[in-house]
There are 2 protein chains.
Amino acid sequence: MVSLTPRAERLLKALIEQYIAEGQPVGSRTLVKQAGLEFSPATVRNIMSDLEEFGLIRSPHTSAGRVPTERGYRFFVNTLLAVKPPKTWDMTSIEDRFLADQDPQQLIESVSGLLSQVTKLAGIVRVPRRADVGFLQLDFLALSSTRVLVILVTQDGQVLNRVIHPKRPYSASELQQAANVFNGAYAGLSLAEVRRSLVDALRRDSEDMQQILRSAVEMAHQVFAGEAMSEAPLFVSGESNLLAFPELSNTEKLRRLFEAFTAKQDLLHLLDQSMVSQGVQIFIGAESGYEALESCSVVTAPYEVDGQIVGTVGVVGPTRMSYDRVISVVDVTARLLSGALSHGLPG
Amino acid sequence: MVSLTPRAERLLKALIEQYIAEGQPVGSRTLVKQAGLEFSPATVRNIMSDLEEFGLIRSPHTSAGRVPTERGYRFFVNTLLAVKPPKTWDMTSIEDRFLADQDPQQLIESVSGLLSQVTKLAGIVRVPRRADVGFLQLDFLALSSTRVLVILVTQDGQVLNRVIHPKRPYSASELQQAANVFNGAYAGLSLAEVRRSLVDALRRDSEDMQQILRSAVEMAHQVFAGEAMSEAPLFVSGESNLLAFPELSNTEKLRRLFEAFTAKQDLLHLLDQSMVSQGVQIFIGAESGYEALESCSVVTAPYEVDGQIVGTVGVVGPTRMSYDRVISVVDVTARLLSGALSHGLPG
DNA sequence: CCCTGGCACTCGGAAAGCCGGAGTGCTAAG
DNA sequence: CTTAGCACTCCGGCTTTCCGAGTGCCAGGG
C-alpha cells in the first residue's frame with residue numbers, strides 16, 4: 001500500500017471527485033480553482049507527477065489533464081471515501097419501495113428496478129439458484145381431467161408452478177393424498193436433492209413403492225426436470241441508463257457489455273464471489289476479471305434471510321461513478337431487503 | 001396508390017434489396033451490375049428520377065446513391081414482396097423450440113427470445129392483459145399457520161400466486177372449502193369482473209354472506225388488488241442485437257428506443273393495434289406513430305387460443321430489415337404458438 | 001528545502017483547404 | 001426511347017494549420 005502525504009491525498013481526492021463529476025481530464029489550474037487549494041498550479045503539478053509515478057493517475061496524452069487509474073479509484077474507495085448514509089431523497093424513494101407489502105418474490109425482482117432508478121445506472125439482483133434452496137412443499141391441483149397444476153413452494157417463499165399432463169386422470173382426493181405422501185417423503189431436502197432422489201426412485205422403479213407415491217414421483221419429476229429449475233437467477237434493469245455515459249457510448253464495448261447482461265454468465269460468477277463475504281464489495285474495472293466489464297465498476301452487497309446470505313444486489317456503471325452515493329444506496333438497499341425478507345417470513 | 005411500369009418496379013425492388021443487404025446508398029452503376037439489368041446506368045438514372053418524384057426513394061445528398069423512403073418500403077412490402085416460407089434452417093430452430101413441451105406461460109415468454117435469436121433483432125411478445133382473461137379457479141394452500149399461498153389460474157393457463165397473511169389461521173379443510181365456494185361463486189367471469197365483484201362484496205359487507213365465503217373473498221381480494229394484476233404484459237428480448245446496426249448506433253435515437261423498451265407503454269399501444277386484425281402487420285418507421293420508433297420497423301402477428309386472438313408476437317428492427325425473412329419468421333412463429341397453445345389446453 | 005512564477009514545449013481537436021471518387025443531370029446522337 | 005459523354009456536385013478522407021490547454025523544468029524567493 002502506498003502512503004501519501006496528507007496533501008497528496010487531499011489532492012487526489014479532489015481530482016477524482018472532480019473527474020467523477022465532469023468526466024473530463026482535470027488539469028492543475030482547474031483543480032486549484034475548483035478545490036480551493038491554497039497552493040499554486042505549479043505545486044499541484046509536482047504532486048500530480050508523484051501521483052502518476054504511484055500509478056494512481058495518468059494523463060491520456062501529454063497535454064491533457066489527469067484522470068484516475070483503476071488503482072487510483074481503488075485507493076480512493078479504500079482510504080479516501082467516507083461513506084455517508086444516502087441523501088434523504090434517495091432514502092425515501094428506497095424506503096417507499098419497501099413499505100408496499102408484497103410477495104418476497106416480487107419484492108426481490110423489483111429491487112433491481114429500484115436500484116437502477118435511484119442510481120441512474122444498471123441494477124442487478126441475484127436470487128438464490130433454485131436448485132440450492134430448500135424444498136418446502138408440493139401440491140397438485142386438478143385443472144381439468146388431463147391437466148394438473150403442480151405447485152412447488154420453497155423454504156424461502158418462492159413459488160414455482162407448472163402444468164403437466166398426467167398419463168391418466170386423477171381425482172382431487174388422489175392428488176391431495178399424493179401430495180401429502182410426497183411431502184412427507186421429501187421434507188427438508190434441497191431442491192437439487194429432491195431431484196436426485198426422484199431420478200433414483202424412477203430408476204429403481206421398485207414395486208414396494210406405494211402406488212400413490214409412484215404417481216406423485218412421476219408427476220413431480222416433470223417439474224423438477226424442467227428448465228425452470230436451472231434458470232439463471234439474475235435480474236438486470238436499467239441497462240439503458242448506461243447509454244448516457246460517453247465513455248461507454250462507443251459501439252464495441254457497449255455491445256460486449258449488453259451481451260454480458262443478456263448472457264448473464266459472467267455477472268453470475270461475479271455475484272457468486274460477492275456472496276462469500278458480508279458487506280459492500282466493489283469491483284473496479286478489470287478487477288472483476290471479465291473483459292465485458294472493462295471500463296465498468298460493479299458495487300454489490302449480499303442480502304440475507306434469517307441471518308443466512310442468500311443473494312446479492314448491486315449496481316453496474318462506468319468506473320467513473322459516484323462511489324459514495326452508489327455504495328450507500330446499495331448498502332442500505334441490501335439491508336432493507338434483508339429486513340423485509342426476514343421480517344416477512346416467520347411469524 | 002402509384003402505378004409503375006414493370007421495369008420501374010423491378011428496379012425499385014432490386015434497389016431496396018440491395019440497400020437492405022448493404023446499408024449503403026445505391027447508385028445507378030452498381031445497381032446495373034448487381035441486379036444484372038439489361039439497360040444502361042443512364043436509363044436507370046432516368047427511372048430513378050421518376051421513383052424519386054413518386055417519393056419512393058431519395059438521395060441523402062447530391063452525389064450519393066438512392067435510399068428507399070418509408071413510402072418506398074411500404075410499396076415494397078405491399079406489392080413487390082413475395083413472402084416465402086422461412087429458410088429451412090430458421091424453420092427448424094423455430095420448431096425445435098416448440099417441440100419441447102412446456103408450460104404455456106414459459107413457452108410464451110421464451111418466444112421473444114426465440115424471435116430475437118432467429119432474426120437477430122429485438123423480439124417482443126404481448127400476452128393478454130391479466131385483467132382481461134377469464135377466471136378459471138382459485139385455490140388456497142396453507143404454508144404455515146399465518147401464511148397462505150393463493151393460487152389463481154386463468155382460463156388461458158396462466159398461473160398467478162401470492163402469499164398472504166390472513167387475520168386468523170385457517171385449517172386446510174377450511175381453505176379447501178373456501179376455495180370451492182369461491183370458485184362456484186365467480187366461475188366464468190373475467191379477472192376484472194371478479195375484482196369488481198370482490199370490491200362490491202366487501203363494501204356491502206352483508207351478513208347474509210356465508211362466513212366461509214367472506215373469508216375467501218377477503219383473501220382473494222388481496223390477490224386481485226395486487227399490482228401483478230396490472231403488470232405490463234410485454235416481454236422484450238435481444239435489444240442488444242440492435243446495437244449492431246450503424247443507422248441506430250447514434251446516441252440519442254438509441255437512447256429513446258431503449259427507453260421505449262423499458263417503459264413499454266408505446267409498444268403496448270402499438271401491439272394493441274395489431275391485435276384487432278389477423279395476420280402479419282407491418283409498421284414502417286413513422287407509421288407506428290411513436291417518435292422512439294422513428295427509424296425502426298415493427299413486424300407483428302397475433303396469436304390465438306382456440307380461435308380467439310389473445311396476444312401478439314413481433315420483432316423490432318431498423319427500417320432496413322429483411323422484411324421477407326422477418327415476416328415469414330414472425331408469421332410462422334405466431335402460427336406455431338397458436339397451435340401449441342390451442343393444442344395443449346383442451347383434451 | 002519547498003514553493004512559485006515563468007517559459008518553452010507538446011499534443012489534441014477544431015477549422016480550413018485540398019483532392020479523388022462516386023454519382024448525378026443534362027444533352028446530343030443513335 | 002435509349003445511351004454515351006460530359007460537366008457538375010458533394011461527401012469523405014487527408015493534410016495542414018492554428019489555437020489552447022496543460023505539462024515539465026528551471027531559476028528565483030521565501
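Naming: A, B, ... by sequence-line order, numbering from 1 per chain.
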Quick check: closest heavy atoms across B:Ala35 and B:Ala14, and the distance to 0.1 Å? CB-CB, 3.8 Å

Measure CZ/B:Arg45 against P/C:dT27 and give the value in whole Å, please. 14 Å

For nucleotides 8-18 of chain C, give me every protein contact, N/O to N/O, under 3.5 Å, one pair per line with atom names.
{"from": "C:dC11", "atom 1": "O2", "to": "A:Ser63", "atom 2": "OG", "distance (Å)": "2.9"}

Interatomic distance where CG belongs to A:Asp50 and P belongs to D:dC25 [whole Å]: 12 Å

Does a nitrogen or oxygen in the side chain of A:Arg66 sit under 4.0 Å from OP1 or OP2 of D:dT23? yes

Contacts to DNA chain C from residues 28-42 of chain B, heavy-atom cutoff under 4.0 Å, which residues? B:Ser28, B:Arg29

Taking A:Ile284's backbone N and O only, do any of them form a donor-acceptor pair with A:Glu287's side chain (distance below 3.5 Å, no angle check)? yes

Closest contact, heavy atoms only, A:Val280 versus A:Ile282: CG1-CG1, 4.1 Å

Starting from P on C:dT4, measure out to CE on A:Met48 and report it in whole angstrom. 14 Å

If I take atom CD1 in residue B:Ile47 and atom P in nucleotide D:dC1, what distance separates them, rounded to the nearest angstrom? 12 Å

Provide, to the nearest angstrom, the distance between the CD atom belonging to A:Glu53 and the C1' atom belonging to D:dG24. 13 Å

For A:Arg256, is there an ion pair with A:Glu291 - N to carboxylate O distance below 4.0 angstrom? yes

For the CG atom of A:Leu37 and the OG1 atom of A:Thr43, what is their distance to the nearest 0.5 Å? 10.0 Å

When you check the side-chain N and O atoms of B:Arg45 and B:Ser28, is any donor under 3.5 Å from an acceptor? yes

Please state how far atom CD in B:Gln24 lies from atom P in D:dC11, giving the value in whole angstrom units. 15 Å

Does B:Glu259 pair with B:Arg255 as a salt bridge, N-O distance under 4.0 Å? yes

Taking the side chain as everything from C-beta on, heavy atoms only, tell me whether B:Tyr73 gets closer than 4.5 Å to B:Arg71. no

When every non-hydrogen atom of B:Lys84 is compared with those of B:Ser328, the smallest separation belongs to O-CB, 3.0 Å

Between A:Arg74 and A:Glu70, is there a side-chain N and carboxylate O pair less than 4.0 Å apart? no

Determine the minimum heavy-atom distance between B:Val26 and B:Met48, stating which atoms define it. O-CE, 3.8 Å

Expected output is a numbered-order residue list: members of residues 10-19 of chain A with a heavy atom under 4.0 Å from any atom of DNA chain D. What is it? none

Length of the CG-C1' vector between A:Asn46 and C:dG6, whole Å: 14 Å

Check the distance between D:dA21's P and A:Glu22's CD and give it to me in whole angstrom. 16 Å

Side-chain N,O (B:Arg7) to OP1/OP2 (D:dC1) below 4.0 Å: no

